[in-house]
Structure formats: structure tokens, C-alpha cells
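The structure appears below as C-alpha cells.
Residue numbers count from 1 along this sequence. Only a predicted model underlies this, so the values are computations on that prediction, with no experimental measurement involved. Computation of the quantities below employed the complete heavy-atom set of this structure, encompassing side-chain atoms and omitting hydrogens, waters and symmetry-equivalent molecules.
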Amino acid sequence: MLHLITRIKTLAAAAATETTALREHLHAHPELSFQEFNTVAYVTKQLQELGLQTQPIANTGVVALIEGRNPSTRTVALRADMDALPITEQNEVAYKSTTPGVMHACGHDVHTSSLLGTARILTQLRNEFEGTVKLMFQPGEELLPGGASLMIKEGVLENPKPASVLGQHVFPRLPAGKIGIRAGRYMASTDELYLTVRGKGGHGAMPEQNIDPVLVAAHIIVAAQQIVSRRANPKLPSVLSFGKIIAQGATNVIPNEVYMEGTFRTLNEEWRNEAHEHLRRLCQGLAESMGASCELEIRRGYPYLENEPALTGRVEQAAVEYLGRENVVELDQWMAAEDFAYFSQATSACFYRLGTAAADGSSRFTSSVHTPTFDIDTKALETGPGLMAWLTLRELAEQQA
């Protein structure tokens, strides 16, 4: 085992310069969700240069297989997302985005280049493992309905059927060289809320002649919080937030309607459905009681993400073997969402976090994801590919046992 770890680390170190070059190319040429045409062409070319056959999926996704000895015995799937965000980059680096208003601000360039690095390592170790590794390069993680759901509908989890799926995501709260992991429920479901409150506008000095939708909307915003504070089990995390409110009135003008957008998130699908009904009744009832009307649209987003406990325990142990106990950190639950959750709902899956802050402990590379200054310590591009290669071999060996 130690010999194989040493060999993987040697291969990861040897490929680090190439992996970094791949990441910088991707970073400089970002594409939005479901528009990753050049990205998938680039990734496909890299896979084919490794001697792998590729198969398009979900329009701008691609799948490839690495077959070891006795390839039909077992399969492990590895996932990387490829899309970027509508953000204007503020980093002044040689690989700065060349696409106006688009940036890899969530690290998907890291995920993609890292998985290409893992593919490079595993193709050199074909004789060291039995089974098949399925590489899944996914479009559209940032946009509903999520590329993972489309890939699953098109059969990515069949022919061959993976016994487990692994994914990683950048994490600027940890230095490069470390990872974070959590078994069980880890990330939240996410639903988008679109609410229009309609009343009767008029002069602000004559409120008795109007039905004020601003006041109604304010009551709904405040009252809706009781769904979280009084309806939800206090042991079950729930978040209800409104982040956009538009009332096109003036200092002395009450508008006819107010438009709002928000989000609801939780870690339980049954409670998620109940909360939707509570919110619909609350909005409708409050609006009607104040003489107004409302329309609520709930766009159902990604489910909650569950890291299968037995698989996650094996991943954690393998990560300790590769990185050392001090470099494997237990994470708290996180109310952000990820469409990797679809894989976790469909099969045994584990999603862990790859440290990307400065390895020397300085404050560099600590900008959060989804910000215009996000960047990484390139040491992560040595840790990420090597670790995932090791986790894959350990999981294939576990399935054999």
C-alpha cells in the first residue's frame, strides 16, 4: 500500500505543471452553464490524447472509461463540473478570464483539470487495479435543472453501473494539502421563490383609498419566518431568505404590486414538501386578509446532498492514509446546494472539499467562491488529482473484497 501511495504521489507531482496549465487554460476561457461547447471540446481532446474513448452526454458533457484488469468486475465513477459564473474577474493574473462578464469563480476549472490529472495517473496504473473508472465531466452545475440530473436521465449511471460516485469541490477555508469531509447529510436542498403581491396603488397621502402591496409584502416577509422558527423541527436546519424586493413606487406613490425573490433550503425532503405548502397558505392567506392577492411560484431545485456513511468512512480512512490524519478535517453541515446531490440520491456517493487557500498559512487565496477575486494555491492541483486516484483504487479494492 505504501509503495502505491508513493507511486501515485510521484505521478501527481510529475503531472502538476501540466495540470496547472490545463486549469489556467480553462480559467482563461470560461463558459456559462449549458454553453460549455469549447470547454467540452478541450476536455474531450485531452481525454483522447490519453488514449481514452469518449462519449458525449447532456449536450455539453462527456464521459470516458479507464479500464483496468477484468473491467467488468466493478466500477467507480468520478465527477467534475465544467461551467463558470456570470461574474467579472478582478484578479490580475496571466490566466485572467478573457470572456467579458464570465469567470470560473466557483473552481470548476480546478475540478475539471484535477479530474484530467487523475485520469492521467490512472491510465498509467491500469495494471494496478481491477475494474473500471468512469470519468464524468458535467455541464451546468450552476443552473437549474442541473447537469447532473440530465446526465442521470441520459443513463450516466448505467452501462457500466458504478457502485459509488466520488466528487470534490474547492474550499478556500482550508489550505491546499488538506481536505474536508462529512458523513451523512451535508448540503441543503435549494428552492427558488418568486412572489408577486398585487394591491391597488395610489397617492401615499391617501392610504385609505389604496391596498398597499408594500405593507402586505412586509407582513409576508416577517410572518414567513415563523415557518422556520415555529413549524420546522428545531433539530432540522432550514433557511428561508428573501434577497430581492422590487416596489416601483416613489416617496409619495404606493405601487400596484411588489415583486420578491427568495430561497428555501433544508436537509429533509419530507419537511421540504411540507414547508412549501405552509408557505403557499401563509402568503395567500395573509394577502387576502389584507385585501390583496398574491402569486407564489416555487421552482424546485436540487435535493439535499447525502454522503453515504459507509463509503464516506472508507474515503476518510483512505484520505488519512494518503494525506495524514492532520490533513483530513471533519466539516459541519453547509446550507449551500450542489447538484452532485442528484448522484447522492441515486446511488452511494461521497462529496468532499479540497483545500485551496495558501499552503503556507498566509491569507492568500481566501476569497470565497462566487466572488470576483477567487483564486487558488496551485499546490491543490497536485493534491487533488493524486488523492482522487488513490481514493479510486482503494474503493475498487474495497468492492473486490
Side-chain angles (χ1 to χ4, degrees), residues 22-23 25-27 29-50 52-66 75-86 99 102 104-116 118-119 132-170 187 189-192 299-306 337-351 388 392:
L22 294 172
R23 183 258 171 167
H25 173 89
L26 293 167
H27 191 91
H29 302 90
E31 294 177 295
L32 294 174
S33 303
F34 303 112
Q35 300 175 31
E36 309 93 336
F37 298 103
N38 292 326
T39 300
V40 74
Y42 181 76
V43 170
T44 299
K45 180 175 179 291
Q46 301 302 317
L47 293 170
Q48 291 174 348
E49 288 180 353
L50 293 175
L52 302 177
Q53 292 185 346
T54 59
Q55 177 181 350
I57 192 169
N59 198 29
T60 49
V62 63
V63 176
L65 302 178
I66 302 175
T75 300
V76 171
L78 310 177
R79 174 267 203 171
D81 40 12
M82 300 185 292
D83 53 325
L85 287 161
T99 306
V102 183
H104 271 297
C106 198
H108 297 187
D109 54 335
V110 178
H111 308 160
T112 299
S113 57
S114 180
L115 186 52
L116 287 171
T118 298
T132 296
V133 181
K134 178 176 282 190
L135 308 172
M136 306 186 302
F137 291 87
Q138 177 204 307
E141 188 280 323
E142 299 287 356
L143 188 66
L144 296 180
S149 69
L150 301 181
M151 293 180 79
I152 291 170
K153 287 179 181 178
E154 293 189 18
V156 76
L157 297 181
E158 304 295 335
N159 303 317
K161 182 180 180 67
S164 55
V165 179
L166 305 180
Q168 65 178 357
H169 196 291
V170 296
M187 297 180 71
S189 62
T190 177
D191 299 309
E192 297 177 356
R299 295 182 189 172
R300 195 176 185 90
Y302 308 154
Y304 76 89
L305 193 157
E306 174 102 13
E338 236 284 351
D339 82 341
F340 186 87
Y342 286 114
F343 293 117
S344 80
Q345 295 287 328
T347 190
S348 178
C350 178
F351 190 67
M388 185 165 274
T392 302

Minimum side-chain heavy-atom gap V165-S348 below 4.5 Å: no

Donor-acceptor contact present, side-chain H29 to main-chain H25, <3.5 Å: yes

Q35 versus D83, side-chain donor and acceptor atoms under 3.5 Å: no

Non-hydrogen atoms of A58 and M151 that approach each other most closely: CB-CG, 3.9 Å

Side-chain heavy atoms of Y342 within contact of P303, under 4.5 Å: yes

Min side-chain heavy-atom separation V40-F137 under 4.5 Å: no

Derivation and outcome, side-chain contact (heavy atoms from CB on, under 4.5 Å), residues I66 and L135: CA-CA 8 Å; I66 302 175; L135 308 172; 3.8 Å; yes

E338 vs D81, side-chain contact (heavy atoms from CB on, under 4.5 Å): CA-CA, chis, key distance, verdict: CA-CA 10 Å; E338 236 284 351; D81 40 12; 3.4 Å; yes

Heavy-atom pair of closest approach, residues L143 and F34: O-CE1, 3.6 Å

Considering all heavy atoms, the nearest D339-G147 contact: OD2-N, 3.1 Å

OG on S113 to CD on Q46, rounded to 0.5 Å: 10.5 Å

Nearest heavy atoms of A346 and I152, plus distance in Å: CB-CD1, 4.4 Å

Candidate pair M187 and F351, rule side-chain contact (heavy atoms from CB on, under 4.5 Å), full reasoning: CA-CA 10 Å; M187 297 180 71; F351 190 67; 3.9 Å; yes

Nearest-0.5 Å distance, OG1 of residue T75 to CG of residue L157: 11.0 Å

Atom CD of E49 with >12 non-hydrogen neighbours under 6.0 angstrom: yes

Distance-only side-chain donor-acceptor flag, E142 / S33, under 3.5 Å: no

Check against side-chain hydrogen bond (donor to acceptor under 3.5 Å, both in side chains), N59 and E36: CA-CA 9 Å; N59 198 29; E36 309 93 336; over 6 Å; no

Close side-chain approach of V102 to L85, heavy-atom, < 4.5 Å: no

T99 and E31 side chains, donor-acceptor separation under 3.5 Å: no

Backbone of L78 reached by a side-chain donor or acceptor of K134 within 3.5 Å: no

Salt bridge (charged side-chain N to carboxylate O under 4.0 Å, His left out) contacts in which one or both residues fall within residues 151-160, not counting sequence neighbours: E158-K161

L116 side chain reached by L47 side chain, heavy atoms, under 4.5 Å: yes

Distance-only side-chain donor-acceptor flag, S114 / Q168, under 3.5 Å: yes

Residues that H108 engages under ring-ring contact (aromatic ring centres under 6.0 Å, His included), provided they are two or more places apart: H111

Residues forming a side-chain contact (heavy atoms from CB on, under 4.5 Å) with L50, sequence neighbours excluded: L52, A119, R120, T123

Stepwise side-chain contact (heavy atoms from CB on, under 4.5 Å) check, V63 with T54: CA-CA 6 Å; V63 176; T54 59; over 6 Å; no

Non-hydrogen side-chain atoms of S164 and T347 separated by less than 4.5 Å: no

Polar side-chain atom of Q138 near backbone of A80 as donor-acceptor pair, under 3.5 Å: no

Gap between atom CE of M82 and atom CD of E141 - 0.5 Å precision: 12.0 Å

Spatial distance of atom CG (L305) from atom OG (S344) [nearest 0.5 Å]: 4.0 Å

Residue pair L144 / R300, side-chain heavy-atom distance below 4.5 Å: no

T112 side chain vs D109 backbone, donor-acceptor pair below 3.5 Å: no

Side-chain touch L26/T39, heavy atoms, less than 4.5 angstrom: yes

Taking every non-hydrogen atom, the tightest pair across L150 and P145: CD2-CG, 4.1 Å

For the student: nearest non-hydrogen atoms of G140 and Y302, plus distance: O-OH, 4.1 Å

